[in-house]
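A quick note: this is a predicted structure, and the numbers were derived from the prediction, not measured. Numbers restart at 1 for each chain; the letters A, B, ... are given by sequence-line order, proteins then strands.
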Amino acid sequence: MGRKINYDEKPKKGLGRKAKKQPPPEIPKKLQEQRRGVKKRRADDRKAKAKKIKLKPINDSESEIDENSIASELNMGLDSDDNSIEDKADDLFEGNSLSESEGPDGNGADRNENGKHKSSDSDDDDDDDDENEQDDDASDNDSDDLNDLSLEEASKRLVKKKAKIERQAEEEMQTNILDSERMHLPTAKELRRDQPDLIASRQRVKDILLVLGNFKARCEPGRKRKEYIRLLSKDLCFLYDYNEFLVQKLFDLFGTNVVEFLEANEQSRPLTIRTNTLKTRRRDLAKSLIERGINLEPIGAWSKVGLVITDTQSIPIGATPEYLAGHYMLQGASSFLPVMALAPQESEQILDMCAAPGGKTTYIGQLMKNTGCLVANDVNRDRARAVIGNIHRMGITNCVVSSVDGRKLPGMIKGFDRVLLDAPCSGTGVISKHSEVKSSKDGKDVQRCGHIQRELLLAAIDSCTASSVTGGYIVYSTCSVLVEENECVVQYALKRRNVKIVPTGLPFGNEGFTHFREYHFHPSMKLAMRYYPHLHNMDGFFVCKLKKFSNTIPKPPKEDLPETAEGDNEGEGEEEEMDTENKEAPKKKKKKSNKGMKKST
Amino acid sequence: MRPLTDEESKQFFEKLSKYIGDNVDVLIDRPDGKYCFRLSKDRVYYVRESVMKKAAHFGRPCLLSFGTCFGKFTHSSKFRLYITALDYLAPYAKYKVWLRPGAEQQFLYGNHVLKSGLGRITENTQQYQGVVVYSMKELPLGFGVAAKATADCRRADPMTIVVFHQADIGEFVRNEEELT
């Protein structure tokens with residue numbers, strides 16, 4: 001048989017696990033010895049003295065207190081005098097293991113007392129050691145002599161050190177602020193190293209625009225303006241998917257507002273329709289469309305036929321019975337403007353040289369009220385057929401549709417009262433509709449467009465007759481914002497034909513440029529109108545109204561240099577004088593225009 | 001561009017009179033100018049004389065359209081009336097049919113009109129009479145041929161065809177190539 005095992009449930013001793021307070025951390029003795037080895041002898045001596053002083057009183061008082069408290073709480077019948085509950089638990093276990101074979105309580109208690117005394121001593125030692133060690137650690141950083149010096153001097157030194165640290169911290173902060181205020185323009189190396197990052201690019205764009213706003217004050221010393229602009233255009237190309245050429249051109253045009261223009265191009269313009277006054281009135285049309293569930297409102301005070309669709313409710317605007325019956329036409333707001341500038345009258349002969357898809361043509365037709373004669377032409381045969389469809393749908397009966405190269409039109413038919421030329425262009429004003437323009441158009445395209453536009457405008461002027469009673473007007477418009485396609489083309493025509501610029505009569509819009517970088521234009525160019533998506537919430541547009549005052553064609557100017565040289569003010573004056581010498585019939589008129597120019601310059 | 005020959009004129013006016021009856025004269029004698037019919041590339045155009053003179057400046061390859069196109073002569077020399085003539089047929093139409101709102105879309109897609117879609121029909125419409133189709137809001141939608149006389153329409157089954165579709169304004173979107 002083995003030892004008898006006691007199966008009775010042992011009563012729980014001690015305060016319990018959760019009643020314990022966490023004691024200070026105990027550092028194992030091995031480590032303590034190591035630490036001690038680091039310290040100096042004097043410190044050790046002092047410590048030893050301090051310990052001896054501390055030990056005695058603590059033990060006596062604490063043990064008494066513990067006895068009373070524990071005995072009263074737990075009724076254990078043990079005469080324990082330990083500090084911590086943990087120690088007590090250890091002792092109890094030790095006691096228990098010893099007292100297993102023997103009887104309970106009596107002997108065990110004695111043994112526990114002894115054990116506790118020992119453990120308490122050792123624990124106290126440990127605690128004291130810990131405290132002293134902490135103090136020593138802190139004081140280790142200070143000068144070794146601190147302990148030797150008087151307290152006053154020690155405190156002075158501490159204060160000085162603190163002050164020094166604070167000063168250094170402040171200086172650091174200052175330098176950091178200065179660095180963040182001034183924008184650092186990354187060099188080519190840095191750029192190559194960094195990954196292309198949308199957020200960083202955006203921030204850089206903002207920063208560069210800020211710097212360019214006040215370059216002298218805000219630029220980084222040693223960096224040129226060119227570098228900032230180059231980096232800006234690179235970032236904009238990356239952010240908005242443009243090619244470098246176009247971004248450069250747009251920056252030249254808009255300067256620091258270029259981001260607004262680019263942002264506006266990312267969103268589409270509101271959908272607008274034009275009422276066909278031949279078949280219905282705007283009020284009635286609005287009513288019937290609202291009944292179908294389309295939300296709309298008048299486009300503005302400047303048009304009596306325009307409606308802007310605010311909410312279609314997924315109803316196809318281009319397929320309602322009203323649309324099919326020809327009550328309205330889908331047309332961009334900016335396309336109203338050239339026709340408003342043209343102001344066609346009844347019983348006139350009017351020519352639309354680039355008519356497709358027919359929005360402006362039908363507007364002209366409805367303003368004419370089917371009187372007179374309207375000739376609509378487009379060089380592209382398929383697109384010209386779209387004009388036919390629209391004309392028939394809208395009920396225009398006085399229209400002739402042809403498909404001829406516009407430059408050959410004056411050879412076939414002449415004598416129009418008014419001519420509208422909505423010239424083919426690079427489309428920089430309608431980027432929101434055609435995003436491929438962003439990346440596909442470059443210098444060559446713009447030059448090619450400009451060339452065709454010049455020829456078309458001359459043909460338009462030749463088709464028109466100055467001896468018309470009510471007319472003699474030519475309206476030149478493009479859906480582009482570039483100066484090379486707008487003011488330059490009009491300037492070209494001003495030199496080569498007897499035309500002058502007259503006010504468009506449009507109620508709003510930006511003025512045309514009279515000078516732009518290396519170009520100088522006729523002062524009356526400010527009568528032309530420019531429209532921008534970010535300012536007027538319509539497609540970018542240019543409209544210029546010309547009046548023909550003589551049918552004779554002046555001799556071409558002797559200079560055949562590109563636009564920039566021809567555009568000089570001095571050059572203009574010289575050419576005009578030379579022309580007047582050569583011509584006879586339009587001499588007077590030319591002189592008048594000359595005078596006009598001289599006065600204004 | 002040339003004027004219509006006699007035969008062509010005969011065919012053309014016969015077709016027209018199916019829809020507008022004797023009112024053909026109204027088309028020619030108009031207070032606001034002299035109008036005429038001209039033929040160009042098998043298509044018949046109705047145009048004022050002043051406009052026609054302007055159109056004469058253009059050669060055949062360049063000239064695409066002038067005035068209003070009424071229809072086309074087919075290869076077998078039959079005349080087919082297009083929807084583009086609706087503006088002239090509608091005001092002078094003798095026999096009219098009004099469609100219910102639900103049947104509008106069906107007609108605009110090119111389907112025939114069923115009895116269930118029929119709103120109103122003018123009295124004394126004979127069978128195979130040319131009719132102009134309207135919506136209930138008096139909006140002309142197109143034209144067709146009556147499949148049944150008015151009396152028969154009243155008695156007819158809801159699913160029977162009452163008007164054969166000939167042309168509708170939906171063709172401006174559906175069938176643009178053919179019209180232009």
Between B:P140, B:A55, B:S65, which shows the greatest number of heavy-atom pairs under 4.5 Å with chain A? B:S65
With a 6.0 Å cut-off on ring centres, are B:F66 and B:F58 close enough? no
Can you tell which part of A:A386 gets under 4.5 Å to a heavy atom of chain B, answering side chain, backbone, both or neither? both
Please find the pair of heavy atoms, one from A:A466 and one from A:S550, that lie closest to each other, and give the distance. CB-N, 3.6 Å
Between the side chains of A:K360 and A:D422, is the shortest nitrogen-to-carboxylate-oxygen separation below 4.0 Å, so that they form an ion pair? yes
With chain A as the partner chain, list the residues of residues 148-180 of chain B whose heavy atoms fall under 4.5 Å from it, by residue number, and write 'none' if nothing qualifies. B:I169, B:G170, B:F172, B:V173, B:E176, B:E177, B:T180
Honestly, the part of A:L409 sitting under 4.5 Å from a heavy atom of chain B is side chain
Based on non-hydrogen pairs under 4.5 Å, which of B:G67, B:A85, B:G59 is most in contact with chain A? B:G67
Restricting to non-hydrogen atoms, name the atom on B:P101 and the atom on B:M136 that form the minimum distance, rounded to 0.1 Å. CD-CG, 4.2 Å
Cation-pi, A:Y473 ring and A:K545 (6.0 angstrom, 45 degrees): yes
Compute whether any side-chain donor of one residue and acceptor of the other, for A:T362 and A:R274, lie under 3.5 angstrom apart. yes
Between A:A355 and A:T361, what is the shortest heavy-atom contact and its length? CB-OG1, 3.3 Å
Picking from A:M412, A:H327, A:R385, which has the most non-hydrogen pairs under 4.5 angstrom with chain B? A:R385
Just so I know, are the side chains of B:F79 and B:E8 near enough to count as touching, which here means a heavy-atom distance under 4.5 Å? no
Between A:I388, A:D382, A:N390, which residue shows the highest count of heavy-atom pairs closer than 4.5 Å to chain B? A:I388
Take atom NZ of B:K94 as the centre, draw a 6.0 Å sphere, and report whether it contains more than 12 heavy atoms from other residues, nucleotides or ligands. yes
For the candidates A:T397, A:T371, A:V375, A:L374, which exhibits the highest count of non-hydrogen atom pairs separated by less than 4.5 Å from chain B? A:T397
Kindly give the heavy-atom pair with the smallest separation between B:T122 and B:W98, and that separation in Å. CG2-CZ3, 4.0 Å
Among the options A:I391, A:I396, A:V400, A:V404, pick out the one with the most heavy-atom pairs lying under 4.5 Å from chain B. A:V400
Output the option from A:N370, A:I413, A:N377 having the highest count of non-hydrogen pairs under 4.5 Å with chain B. A:I413
Establish, from distance only, whether the side-chain atoms of A:T470 and A:E348 form a donor-acceptor pair under 3.5 Å. yes
Stacked cation flag A:R282 on A:Y328, 6.0 angstrom / 45 deg: no
By residue number, those in residues 29-38 of chain B with heavy atoms under 4.5 Å from heavy atoms of chain A are none
Scanning both residues in full, the closest heavy-atom pair of B:L99 with B:E104 reads CD1-CA, 4.3 Å
Please flag which part of B:L139 lies under 4.5 Å from any non-hydrogen atom of chain A: side chain, backbone, both or neither. side chain
Residue pair A:L456, A:R407: steps toward the side chain to side chain contact (heavy atoms under 4.5 Å, CB included) verdict: CA-CA 5 Å; A:L456 280 173; A:R407 297 171 277 193; 4.0 Å; yes
Flag the one option from A:S403, A:G326, A:A325 with the top tally of heavy-atom pairs under 4.5 Å to chain B. A:S403
Does a side-chain N-to-carboxylate-O contact under 4.0 Å join A:E291 and B:K137? yes
Chain B contact via A:K414 - which portion, at a heavy-atom distance below 4.5 Å: backbone
Per-residue contact mode, B:F107 against chain A (heavy atom under 4.5 angstrom): neither
Heavy atoms only: give me the nearest A:N276-A:M394 pair and the separation to one decimal. ND2-O, 2.8 Å
